[in-house]
Amino acid sequence: PALLILVHYELDLRRARDSEIRELALRTARQTHAEIERIFEGVENLLRTVAHGLSVMQPDGPACSGYLWSLQRRVPHLTPIAVLDIKGQVACPTYAPRDERRYSGASFFRDVLGGKRFAVGPLSTLGSAETPVLPVAVPYTQQNQFSGAVVAGLDLGWLRERLKERGFVDGADVMVADRDGRILLYEPSEGGLAGQEMPEEYRRLLRAEKPGTLEVTGPDGARRVMGYLPAAAPQEIFVSASVPIEAAFAPLDQATGKGLAFALAGLLIALTAAYAVGRVFIERPVRRL
């Protein structure tokens with residue numbers, strides 16, 4: 001009976017612990033996503049301030065470039081900052097040589113052209129920069145008409161440091177990816193995986209219908225529970241967080257081992273006592289009779 005009771009409670013505790021782990025993984029992913037949203041909110045407010053300033057000056061004039069140059073020195077994590085005209089061509093850059101490319105086909109420009117207030121594009125290069133950045137853009141208007149976009153490249157190293165300041169759950173692996181499945185941040189890889197493609201088995205989660213959890217195998221071969229948030233609007237950023245199963249169940253396994261040891265010791269004592277009692281109080285009197 002003691003062993004049956006132990007097994008019953010063990011199963012109940014494991015089911016409860018599994019639910020706790022899944023909840024922890026999903027909560028960690030949600031917290032990371034919330035921090036990213038707060039960072040994006042600050043970037044959006046800054047770009048809207050720039051767009052408001054452009055409404056009173058000529059985007060292709062010298063005052064615009066000077067204005068952006070002075071701003072660029074104060075926000076080095078947004079590089080480059082540029083103004084695109086209604087055709088998607090750079091009208092007011094903060095870098096040289098002048099970027100002659102057209103960004104009319106870029107997803108972030110199409111988004112703001114379609115009425116989106118703040119667009120986040122997939123990982124790419126902007127201007128003369130060779131390092132991939134995360135493009136962010138807001139529309140700007142003149143006389144209440146769409147006139148172009150203010151675009152900037154968010155530095156991935158800066159984004160990683162800001163998220164680290166807010167802290168990650170001990171032992172959790174956190175991954176952030178763009179809408180195309182390219183990794184923006186992966187902890188604890190120290191930024192080494194930035195720009196790489198997500199593992200193929202995770203790409204199906206980019207467009208999942210809703211957040212969820214699943215069991216995966218980590219790079220070290222250990223079993224983990226991953227909570228994920230699909231790349232949904234408005235930012236279309238994928239976030240996942242995974243926690244190790246073995247470490248989470250270690251205290252429970254230790255308690256179960258101790259309980260099993262005590263149960264087996266009690267069983268051994270009971271059998272020994274039964275044997276001794278049988279020999280002394282039953283077998284010997286029966287033999288005498």
Side-chain angles (χ1 to χ4, degrees), residues 18-19 21-41 43-44 88 103-126 132-139 149 151-156 159-160 162-163 168-169 172-189 191-219 223-243 245:
D18 182 72
S19 299
I21 295 173
R22 292 179 181 274
E23 182 181 351
L24 173 63
L26 191 56
R27 184 169 65 248
T28 303
R30 292 186 188 278
Q31 289 174 349
T32 303
H33 192 272
E35 295 296 343
I36 293 175
E37 285 186 332
R38 277 192 279 270
I39 292 172
F40 281 165
E41 183 179 357
V43 173
E44 179 184 359
Y103 294 92
S104 55
S107 60
F108 60 84
F109 186 81
R110 294 199 306 268
D111 287 344
V112 295
L113 181 62
K116 203 169 186 178
R117 292 173 52 85
F118 179 68
V120 180
L123 199 64
S124 62
T125 57
L126 291 175
V133 293
L134 186 65
V136 289
V138 298
V151 60
L154 183 61
D155 181 71
L156 298 184
L159 176 63
R160 175 175 166 270
R162 297 292 79 73
L163 291 176
F168 295 107
V169 175
D173 287 357
V174 176
M175 180 170 63
V176 181
D178 65 16
R179 64 171 77 175
D180 292 341
R182 295 183 67 186
I183 297 175
L184 306 177
L185 174 149
Y186 187 90
E187 285 294 326
S189 71
L193 298 179
Q196 297 186 20
E197 297 286 341
M198 287 175 58
E200 188 62 32
E201 61 268 26
Y202 299 157
R203 294 186 66 85
R204 62 183 178 85
L205 304 177
L206 279 172
R207 302 302 173 190
E209 294 182 359
K210 59 182 180 180
T213 60
L214 75 161
E215 187 174 319
V216 298
T217 301
R223 294 167 55 233
R224 307 179 72 89
V225 170
M226 184 177 77
Y228 60 90
L229 303 178
Q235 287 87 14
E236 296 189 274
I237 294 294
F238 175 86
V239 179
S240 71
S242 63
V243 294
I245 295 178

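Sequence positions, counted from 1, serve as the residue numbers for this chain.
Applying the side chain to side chain donor-acceptor pair (under 3.5 Å) rule to R38 yields the partners E35; only residues at least two apart in sequence or on another chain are considered. With sequence neighbours left out, T213 forms a side chain to side chain donor-acceptor pair (under 3.5 Å) with R22. For A232, the side-chain contact (heavy atoms from CB on, under 4.5 Å) test picks out no residue, with sequence neighbours left out. E23 is linked by a side-chain contact (heavy atoms from CB on, under 4.5 Å) to R27, counting only residues two or more places apart in sequence or in another chain. Residues passing the salt bridge (Lys or Arg N to Asp or Glu O under 4.0 Å) test with E37: none are found, sequence neighbours excluded. Scanning for side-chain contact (heavy atoms from CB on, under 4.5 Å) contacts around P211 gives L26, R30, L229, P230, with sequence neighbours left out. For the side chain to side chain donor-acceptor pair (under 3.5 Å) test, residues two or more places apart in sequence or in another chain that qualify with E197 are R203.
For P122 against S107, the heavy-atom pair with the smallest separation is CD-OG, 2.9 Å. The two residues V243 and A25 come nearest to each other via the heavy atoms CG2-CB, 4.3 Å. Residues I237 and D178 come closest through the heavy atom pair CD1-CA, 4.3 Å.
Contact annotation: the side chain of L184 approaches that of L123 to within less than 4.5 Å [non-hydrogen atoms, C-beta and beyond]. The closest side-chain heavy-atom distance from Y202 to M226 is below 4.5 Å. Residues E236 and V120 have side chains not in contact (no heavy-atom distance under 4.5 Å, counting atoms from C-beta outward).
Taking the six-membered ring where tryptophan is involved, the planes of F238 and Y228 are essentially parallel, since the angle between them stays under 30° and well short of 60°.
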N/O donor to acceptor pairs below 3.5 angstrom from side-chain atoms of residues 110-118, sequence neighbours left out:
residue: R110; atom: NH1; partner: G105; partner atom: O; Å: 2.2
residue: D111; atom: OD2; partner: R179; partner atom: NH2; Å: 3.1
residue: K116; atom: NZ; partner: P234; partner atom: O; Å: 2.8

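The neighbour count for E201 CD, taken as heavy atoms of other residues, nucleotides or ligands under 6.0 Å away, is above 12.
In this structure, the separation between CE on M198 and CE on M175 is 4.0 Å, given to the nearest 0.5 Å. Here the straight-line distance linking atom OG of S240 with atom CG of L206 works out to 10.0 Å at 0.5 Å rounding. The distance from atom CG of L156 to atom CG of L134, rounded to the nearest 0.5 Å, is 6.5 Å.
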